[in-house]
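Because the structure is predicted, anything quoted here is derived from the model rather than measured. Hydrogens, waters and symmetry mates play no part in the numbers below; they use all other heavy atoms, side chains included.
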Amino acid sequence: SNESLLGRETLSAMQRRTASVATTAGVNGDFFTIATGRPNGVLMREGELLAPPRSSRSSAGITSDGTLDVRRVGFLGRWVGAGQRRPLATLNELPTDGQAALFTTAYGPTTPAVPGATVAVLFPFPSAVPNTDLAATVGLVATGGASVEIPAGGAVLVARGLQASALAAEAVVGEPVTITPPAAPPT
């Protein structure tokens, strides 16, 4: 809605807003959280993953050749800095204790405050394309969990618990961190 994962907009308002560039039909095809408007399933726009799939429910998409593809897809992301590969639990949503999440500008202008978290600002950051290694330079590492700005063309890695300790030690300012946000059929 309104070019953001958060907020609500009626389907007819979306169609009116985008009709001059693309819309020929609109379908309300996903559940969302009433309080925030955040989709409860996968959202991709122009090949970029904006919200992760849920392996507990089916995802629908249209491939580049126009084929309808409906199946269960999971999110199995990874991040690596100066240490070993580590799990990336989610995209553009709060990580739980012991998890890491990646926030892009699709989430909004700032990350949510996550008490006790460590953050690493990555810039420049390529579009979050599934199954592609995305390398970016660490511009800032901070602890404490305050909300931070998500720079235009950048992203922020937010980690809690043991992942916060690993991020603080392995995300080195001026060095690359590689994110792999794969979306794949669940095992």
Kindly indicate whether the side chain of Thr137, heavy atoms from C-beta on, has any atom under 4.5 Å from the side chain of Leu122. no

side-chain hydrogen bond (donor to acceptor under 3.5 Å, both in side chains) with Asp133: which residues, sequence neighbours excluded? Thr180

Name all pairs fulfilling the ring-ring contact (aromatic ring centres under 6.0 Å, His included) condition that reach into residues 83-106, sequence neighbours left out, sorted by first residue then second. Phe103-Tyr107

List the atom pairs, with distances to 0.1 Å, where a side-chain N or O of residues 155-168 and a protein N or O form a donor-acceptor pair under 3.5 Å, not counting sequence neighbours.
residue, atom, partner, partner atom, Å
Arg160, NH1, Pro95, O, 3.0
Gln163, OE1, Trp79, NE1, 3.1
Gln163, NE2, Pro87, O, 3.0

Are Val121 and Val80 connected, step by step, through hydrophobic side chains (Ile, Leu, Val, Met, Phe, Trp, Tyr) whose heavy atoms are closer than 4.5 Å? no

Where Ala136 and Phe125 come nearest, the two heavy atoms and their spacing: CB-CD1, 3.5 Å

Nearest heavy atoms of Thr178 and Ala135, plus distance in Å: OG1-CB, 3.9 Å

With rounding to the nearest 0.5 angstrom, report the CD to CD distance, Gln84 to Glu170. 6.5 Å

Report yes or no: do Gln15 and Ser12 form a side-chain donor-acceptor pair below 3.5 Å? no

Nearest heavy-atom approach of Val70 to Ala60 is CG2-CB, 4.0 Å

Restricting to non-hydrogen atoms, name the atom on Pro112 and the atom on Leu94 that form the minimum distance, rounded to 0.1 Å. CG-CD2, 3.3 Å

Mind listing the closest non-hydrogen atom pair of Asn92 and Ala106 along with its distance? ND2-CB, 4.1 Å

To the nearest 0.5 Å, tell me how far Thr104 OG1 sits from Leu134 CG. 11.0 Å

Would a single hydrophobic cluster contain both Leu102 and Val173, if residues Ile, Leu, Val, Met, Phe, Trp and Tyr are joined by side-chain heavy-atom contacts under 4.5 Å? yes

May I ask you to decide if Val148's main-chain N or O and Thr110's side chain share a donor-acceptor pair within less than 3.5 Å? no

Shortest non-hydrogen contact from Val172 to Val138? O-CB, 3.4 Å

